[in-house]
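First comes the structure, then the notes that go with it.
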Amino acid sequence: MKKIVNFLNAIKPNHPLDWRTFLLISIAIWIASVLAVNNDYVRNDLALLSLLILAIAIGIRTSEPPFIIGEIALSPWITAGLLCLIIHQKTGINRPDFAIKVWPIIAACLIFILEFIRDKFKIQSSPPLVRMGFLIVFLIHINLYCWIEFSLRAEKWLQTVPNILPTPETLQPNSVKMNPVFPFYSFLERNQKSRNC
């Protein structure tokens with residue numbers, strides 16, 4: 001009996017917006033989705049809602065210690081990863097790389113939302129989009145998005161054109177042959193000077 005009481009005390013929320021509240025709501029919705037056996041659409045929608053609320057619960061939990069390194073909380077990146085897993089489940093067949101590409105953008109949006117919440121929705125102070133620190137973080141995430149996009153496109157390009165990669169023969173020093181029709185410009189200059197003399 002003590003174990004049950006201790007477990008209930010552990011999952012009891014401290015306040016209405018506690019992460020345990022969202023965890024309990026997520027579990028309740030998931031149980032409702034399991035019990036909705038007659039309608040597959042309702043079951044899938046409830047399961048998706050349960051996953052979204054679970055992602056919110058994990059996001060709130062990871063914004064507290066020990067998930068804070070220095071002054072930086074890992075919450076936006078972990079929550080964005082969970083949301084991208086949900087996106088991949090929905091778009092994985094038609095667009096398998098979409099969830100990987102949008103991860104930095106979702107993380108940057110979540111950082112903006114957290115900054116706005118930390119300001120207690122004040123409009124008077126400079127908004128996060130104007131602050132230099134947030135602009136740097138946002139541009140880093142845009143850069144990450146571009147690198148992910150570039151690497152995925154380069155991988156597809158190398159699959160379609162495999163002879164673009166160097167082979168051991170092309171890496172040999174004697175493998176490069178100069179075309180005698182196009183000599184270097186400095187060589188042409190010396191020939192003209194020698195003829196003029």
Please identify each residue that fulfils side-chain hydrogen bond (donor to acceptor under 3.5 Å, both in side chains) with [X], with sequence neighbours left out.
X: D45; answer: none
X: W157; answer: none
X: T21; answer: none
X: D18; answer: R20

Co-members of the apolar cluster containing I68 [side chain, <4.5 Å]: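 Answer for I68: none, a lone residue.
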
With heavy-atom distances below 4.5 Å as the criterion, would you say the side chains of [X] and [Y] are in contact?
X: I58; Y: I78; result: yes
X: I86; Y: L82; result: no
X: W77; Y: I111; result: yes
X: L83; Y: W103; result: no

W147 backbone acceptor or donor facing S151 side chain under 3.5 Å: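 Answer holds: yes.
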
Output the distance between atom [atom1] ([X]) and atom [atom2] ([Y]), rounded to the nearest 0.5 Å.
X: L54; Y: T79; atom1: CG; atom2: OG1; value: 10.0 Å
X: D40; Y: S33; atom1: CG; atom2: OG; value: 11.5 Å
X: L49; Y: W30; atom1: CG; atom2: CH2; value: 15.0 Å
X: N44; Y: Q89; atom1: CG; atom2: CD; value: 8.0 Å
X: L74; Y: F67; atom1: CG; atom2: CZ; value: 8.0 Å
X: Y145; Y: I100; atom1: OH; atom2: CD1; value: 12.5 Å

Residue that, paired with P104, satisfies side chain to side chain contact (heavy atoms under 4.5 Å, CB included) out of I142, I140, I148: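 Among I142, I140, I148, the one meeting side chain to side chain contact (heavy atoms under 4.5 Å, CB included) with P104 is I148.
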
With sequence neighbours excluded, residues passing ring pair (Phe, Tyr, Trp, His ring centres under 6.0 Å) with H88: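 Per chain and number, H88 pairs via ring pair (Phe, Tyr, Trp, His ring centres under 6.0 Å) with no residue.
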
Closest non-hydrogen atom pair, T62 against A73: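 So the minimum-distance heavy-atom pair works out to O-CB, 4.2 Å.
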
